[in-house]
Amino acid sequence: MTKHSGGLDDVGAEEKKECTVTFHPDNQVVTLAAGSTLLDAAKSGDVPLNASCNGKGSCGKCKLVVVSGKVDHPSTPLLTDDEKKTGYVLACQAKLSGDVTVRIPEETLEKKLQVAGMGAEVTDRLKGLVAEITLMHESVSLELAPPTMDDAVSDLDRLNRGLKQQGYDLDRMNMGLRVMRDMASVMRSQNFHVTAHILKKRCSNEVVGLNAGNSAGPGLGLAIDVGTTSIVVYLVDMTDGTVIAATAGHNRQAACGDDVINRIVCSEKDGVKKLRTMALATINGLLNEALFAAGRDRREVTNIALAGNTVMTHLLLGIEPRNIRREPYVPTVSEFPILKAIEVGIKADPDAAVFIMPGPAGYVGGDIVSGLIYTGFHREEAMTLFIDVGTNGEIVLGNNQWLLTASCSAGPAFEGGGVRWGMRAEEGAIEKVAIDEDTMVSEISVVGGKPARGICGSGMIDLISEMLMTGVIQANGKFALDADHPRMAAIGDEKAFVVATADQTSVGQDIVFTESDIDTIIRSKGAVYAGFTVLLRQAGIDFSMLDQVIITGGFGQFLNIEKAITIGLLPDIDRAKFKYMGNSSAAGAYMALLSEKHRKEAVHVCNSMTYVDFSSNNEFMSEFTSALFLPHTNLEDFPSVRRSKRP
Ligand code: FES
């Protein structure tokens, strides 16, 4: 393999054992042994860097610009000649041999995520979903009678007597030694007026704390959605369910790959602890932000509900996920007991109760159960198809009689993974595209109204639909437009369509879409559509029998249904049957946080779902192959697309 000295300053320092890497623009400094990669340095310094393929050198997402110093790196077709000339390297391929300063370029830089759809209106809607608030961790104020010669029972018996009067079942009540040690002085501090803090578990309760005086109150709650890509935190006033702050951020595990398989591989190589630390750092950072915004203290947080896919919950809890990627794909835990914040590592009241949403299978997790709790279709007769187009493409089919579920391994393409200029739906992402039929010039709309720096899932769906309808590409995804057309470009040997010209972008170059990118999207949409088809067939129904199709996940709110049908991602049925429901996982976690009824419902729903495994399903493979056309090999399944297609 040819090695190059990369960067603008090739003279460099002498090779030495320890090398210092400075990351701009935040000037984070990391020291690491020579021979380590820049990606290793970013991971060890907690520098947020997107490494979609987990360092295999195949995604091109981990771009850095060497400002001074040198690194050794192989030649790669994933960087353009212009990028190479200006010092670009792939962090996962660039090895340290001396001190180096690098810059995270605009297209790699993570921007602050906005929490989609928050605000008073959404808070009110969420509050309206829960009839009655029931806490997992509650505080009870007790005015106990001080001991006398006629009533000389022990302090613990006195406390138990008070709790019994409040309706607690003493046979199911536990208490730790820590509480007993301080009990005598706490009780006497305010003449036997105390507040007991009780953690209510499924089969028993535990007195986890005792304070002098009356400090009873419902406190604060946290609803957390732990996504593979991003994490959302709602800080909730448990008195009435008001969301008093909401924050969102990128899951720092992104440095270990875009999808759950890469995360498992990374945990096998670097240890589960490392991935756990990354997720906890994200959650605790977001919690800090939310507490700061609301002017509250972490010790007030006593109730927590958390939803995530099965791999995310395993990694967050430090539980080995390795068997999830090996036949027969078994998770270590499906249904979790109520845990304490200190065990999980969330920096709230150490004894805060933590409810983890249960997940029915290794590839269908608590985030999907959470989505059902929020959308509620399992309570209705209407025949529903539910799809979460995230990194796994989980689907659920059914109603109040039965539920079938599957994961169709759609891959992370709709969240930007595996696509040259792909990115998440955040500031600078092209989210809408329309192509002029005569000039083939694209009219783009960008998140935040800023210059473009990439294209997100909804933008890609628009783009492919528009390219198909204007004749830029053929039904097999190959370009029909001449290579010398002004809107065409060449990336190495590959043809590409210019989506945005350099003057419309903040990255100083054209944003293009290559044939490989088109192929990646076709494979993803093909997997989702094949999943729909096989699941419906297993249930003995066809698309016309669906009463509704619920779409959730990151891009749900921007998705153009018509164009998603045009490319064959969604079935060609009555458009009125499609519903967007945004981040249903976070909303379901909110409902479980507030209500015992919904926590029990989640366990029931999880146990009612029948999981269908597509990994060795020949029917799925055959349907997948048929779906690798735009919109599909069988055009009769897409009559409206056939009618509107240009001859
Ligand atoms: S190319 Fe570096 S992480 Fe994918």
Side-chain angles (χ1 to χ4, degrees), residues 1-4 6-7 21 23 28 30 32 35-66 71-84 86-96 100 102-110 228-230 250-270 274-275 278 391 411-424 453-456 491-492 494 496 507 509 511-512 514 516-517 519-521 523-524:
M1 189 158 44
T2 321
K3 297 278 181 186
H4 300 268
V21 185
F23 289 91
Q28 287 142 296
V30 178
L32 220 64
S36 310
T37 65
L38 284 173
L39 181 61
D40 294 331
K43 280 186 192 172
S44 84
D46 208 12
V47 176
L49 205 60
N50 185 345
S52 284
C53 68
N54 191 21
K56 294 190 192 82
S58 59
C59 71
K61 296 283 180 187
C62 59
K63 289 176 192 173
L64 289 174
V65 182
V66 178
V71 288
D72 295 327
H73 61 100
S75 179
T76 170
L78 294 171
L79 295 171
T80 63
D81 290 343
D82 282 348
E83 285 174 332
K84 287 173 193 166
T86 47
Y88 273 75
V89 293
L90 294 180
C92 66
Q93 304 300 305
K95 290 195 173 156
L96 300 173
V100 63
V102 294
R103 176 172 62 80
I104 306 175
E106 176 70 8
E107 59 270 36
T108 312
L109 209 54
E110 285 189 344
T228 312
T229 306
S230 54
H250 300 282
N251 187 336
R252 293 197 195 176
Q253 291 176 351
C256 297
D258 265 348
D259 56 43
V260 293
I261 298 295
N262 271 319
R263 303 285 170 87
I264 299 174
V265 171
C266 194
S267 74
E268 288 174 17
K269 182 168 155 267
D270 297 340
K274 180 165 191 160
L275 281 283
M278 288 169 153
T391 45
F414 291 118
E415 297 203 334
V419 173
R420 187 176 194 88
W421 286 99
M423 64 179 287
R424 300 151 187 154
R453 60 190 188 103
I455 181 163
C456 66
I491 302 294
E494 238 195 328
V507 293
Q509 52 183 308
I511 290 178
V512 299
T514 65
S516 308
D517 295 335
D519 188 54
T520 301
I521 295 295
R523 296 179 78 78
S524 283

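When a ligand or atom number is given, it counts from 1 through the structure's own listing order. As a basis for the values below, the full set of heavy atoms in this structure was taken, side chains included, without hydrogen atoms, waters or symmetry mates.
- Near A51, meaning under 4.0 Å from one of its heavy atoms, ligand 1 places the atoms 3 (S).
- For a distance bound of 2.8 Å, the N, O or S atoms of C53 include none lying that close to atom 2 (Fe) of ligand 1.
- At a cut-off of 2.8 Å, C59 does not coordinate atom 2 (Fe) of ligand 1 through any N, O or S atom.
- N50 is listed as a side-chain neighbour of S52, based on a closest heavy-atom distance under 4.5 Å.
- Between R523 and D519, the closest side-chain pair of non-hydrogen atoms falls below 4.5 Å.
- Heavy-atom contacts from other residues, nucleotides or ligands closer than 6.0 Å to NZ of K56 number more than 12.
- The cationic atom of K63 (NZ for Lys, CZ for Arg) lies less than 6.0 Å from the six-membered ring centre of W421 and within 45° of the ring axis.
- In terms of protein heavy-atom proximity, atom 3 (S) of ligand 1 is nearest to G55 N, 3.4 Å.
- Residue G57 approaches ligand 1 through these ligand atoms, each under 4.0 Å from one of its heavy atoms: 1 (S).
- Residues V100 and L96 meet the side-chain proximity criterion, which asks for heavy atoms closer than 4.5 Å.
- Remark: R424 CZ to H250 NE2 distance equals 5.5 Å, nearest 0.5 Å.
- For the residues A255, A94, C62, G257, the heavy atom positioned nearest atom 2 (Fe) of ligand 1 is part of C62.
- The atoms of ligand 1 that sit less than 4.0 Å from any heavy atom of C92 are 1 (S), 2 (Fe), 3 (S).
- Annotation: side chain of T228 is not in contact with side chain of D259 (no heavy-atom distance under 4.5 Å).
- Counting heavy atoms under 4.0 Å from ligand 1, residue S58 touches it through the backbone alone.
- Protein heavy atom in closest approach to atom 1 (S) of ligand 1: G60 N, 3.3 Å.
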